[in-house]
Amino acid sequence: MPRSDDAEAFFAAVYQAVREIPHGKVTTYGHIAMLVGTPQRPRQVGLCLKHLPTDPSARYNHDNVPWQRVINAKGEISPRSQPSGSLNQAAALQAEGVTVTNGALGEFMVDFAEFGWFPDILPSEAAEEGGRELGGEEDHSENDEQT
DNA sequence: ACCATGACTATCG
DNA sequence: ACGATAGCCATGG
């Protein structure tokens, strides 16, 4: 668990944002960072997930936070110290219908064009504005990475 | 308390 | 186009 209250707030924001990623979709550490208002700290987003408790009794844990739906900006599952980690993530994604391909170096890749999820703001926050706004003008591009 | 490390990225050479 | 660099900052030694 985080040592400071500030960190705890940040962790909570990240976990909640990750929970809004739809089943079968993926996004990036950087995008989550942007969604929670700290676009300069994608790395800390990674730390949050790294420290996500496995303990089911924790408020946020591996069961209620879809950590596997967060990958890096290159569209690959971030390699970590333990190879089993990325392997495990690849399996979790495939289990929910995400196609994971093998890169030249054996990395696990996901196609953003098909599975990417990059909203401008969190759906929960969009809902608030939607209720206040009245026009019906909405249509930001769905996703758009790698031209 | 200081130093190294890391589930990252945008920028520069 | 690809490798190196610079910000980030919570954790762990």
Side-chain angles (χ1 to χ4, degrees), chain A residues 1-130 138-147:
Chain A
M1 65 193 277
R3 301 221 219 149
S4 73
D5 293 338
D6 279 350
E8 191 173 334
F10 179 75
F11 272 56
V14 169
Y15 293 148
Q16 288 181 38
V18 172
R19 288 176 89 162
E20 298 196 36
I21 303 172
H23 180 277
K25 294 287 187 175
V26 300
T27 192
T28 66
Y29 298 95
H31 201 81
I32 290 296
M34 186 209 80
L35 290 175
V36 302
T38 58
Q40 313 290 121
R41 296 174 263 269
R43 197 165 197 170
Q44 275 56 271
V45 171
L47 285 181
C48 291
L49 297 181
K50 176 181 182 181
H51 291 288
L52 180 63
T54 47
D55 180 2
S57 66
R59 186 152 62 120
Y60 296 108
N61 58 65
H62 276 254
D63 292 328
N64 61 28
V65 178
W67 56 274
Q68 71 274 21
R69 299 180 195 148
V70 185
I71 64 181
N72 68 27
K74 290 178 287 194
E76 62 176 301
I77 293 176
S78 296
R80 29 242 229 237
S81 36
Q82 282 290 306
S84 57
S86 53
L87 191 61
N88 191 26
Q89 183 170 6
L93 283 175
Q94 288 179 313
E96 59 181 74
V98 175
T99 301
V100 179
T101 59
N102 296 19
L105 302 174
E107 338 81 84
F108 302 108
M109 310 288 298
V110 175
D111 182 11
F112 283 141
E114 185 171 3
F115 304 103
W117 182 78
F118 302 98
D120 292 340
I121 59 177
L122 288 170
S124 56
E125 297 176 352
E128 284 184 42
E129 290 202 19
E138 296 296 338
D139 194 345
H140 297 276
S141 332
E142 172 70 25
N143 49 30
D144 236 308
E145 301 295 304
Q146 57 201 15
T147 64

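Model, not experiment: these values are computed from the prediction. Proteins come first, then strands; the chains are lettered A, B, ... in the order of their sequence lines, and each starts at number 1. Only this structure's heavy atoms are used, side chains among them; waters, hydrogens and symmetry mates stay out.
Under the 4.5 Å side-chain criterion, counting only non-hydrogen atoms from C-beta, A:Cys48 is not in contact with A:Tyr60. For the pair A:His62 and A:Pro53, the minimum side-chain heavy-atom distance is 4.5 Å or more. For the pair A:Val45 and A:Val14, the minimum side-chain heavy-atom distance is below 4.5 Å. Counting heavy atoms from C-beta on, the side chains of A:Arg69 and A:Val18 never come closer than 4.5 Å.
Here B:dT5 presents its C1' atom at 7 Å from NZ of A:Lys50, a figure rounded to the nearest Å. Atom CG in A:Leu87 sits roughly 15 Å away from atom C1' in B:dA7 (whole-Å rounding). Whole-Å rounding puts the A:Glu8 CD to C:dT11 C1' distance at 15 Å. The distance between atom CE of A:Met109 and atom P of B:dA7, rounded to the nearest whole Å, is 18 Å. Spacing between atom CG of A:Leu47 and atom P of B:dT5 amounts to 15 Å, rounded to whole angstrom units. In this structure, A:Leu52 places its CG atom 15 Å from P of B:dA7, rounding to the nearest Å.
Across residues 59-69 of chain A, A:Trp67 each have a non-hydrogen atom less than 4.0 Å from an atom of DNA chain B (numbered order).
Here the straight-line distance linking atom CD1 of A:Ile32 with atom CG of A:Leu122 works out to 7.5 Å at 0.5 Å rounding. In this structure, A:Asp111 CG and A:Thr99 OG1 are separated by 8.5 Å, a value rounded to the nearest 0.5 Å.
Atom CD of A:Gln94 is surrounded by more than 12 heavy atoms from other residues, nucleotides or ligands within 6.0 Å. Heavy-atom neighbours of A:Arg59 CZ from other residues, nucleotides or ligands within 6.0 Å: at or below the threshold of 12.
With both ends at atom P, the span from C:dG7 to B:dA7 equals 22 Å, rounded to whole Å.
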Completion exercise
With sugar-phosphate taken as primed atoms, P, OP1 and OP2 and all else as base, the protein-contact string of nucleotides 8-13 of chain B at under 4.0 Å (heavy atoms; B, S, -) is BS----

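For the side chain to side chain contact (heavy atoms under 4.5 Å, CB included) criterion with A:Val100, the lone passing option out of A:Ile71, A:Leu93, A:Val26 is A:Leu93.
Within the 4.0 angstrom heavy-atom criterion, no nucleotide atom of any strand lies near A:Ser86.
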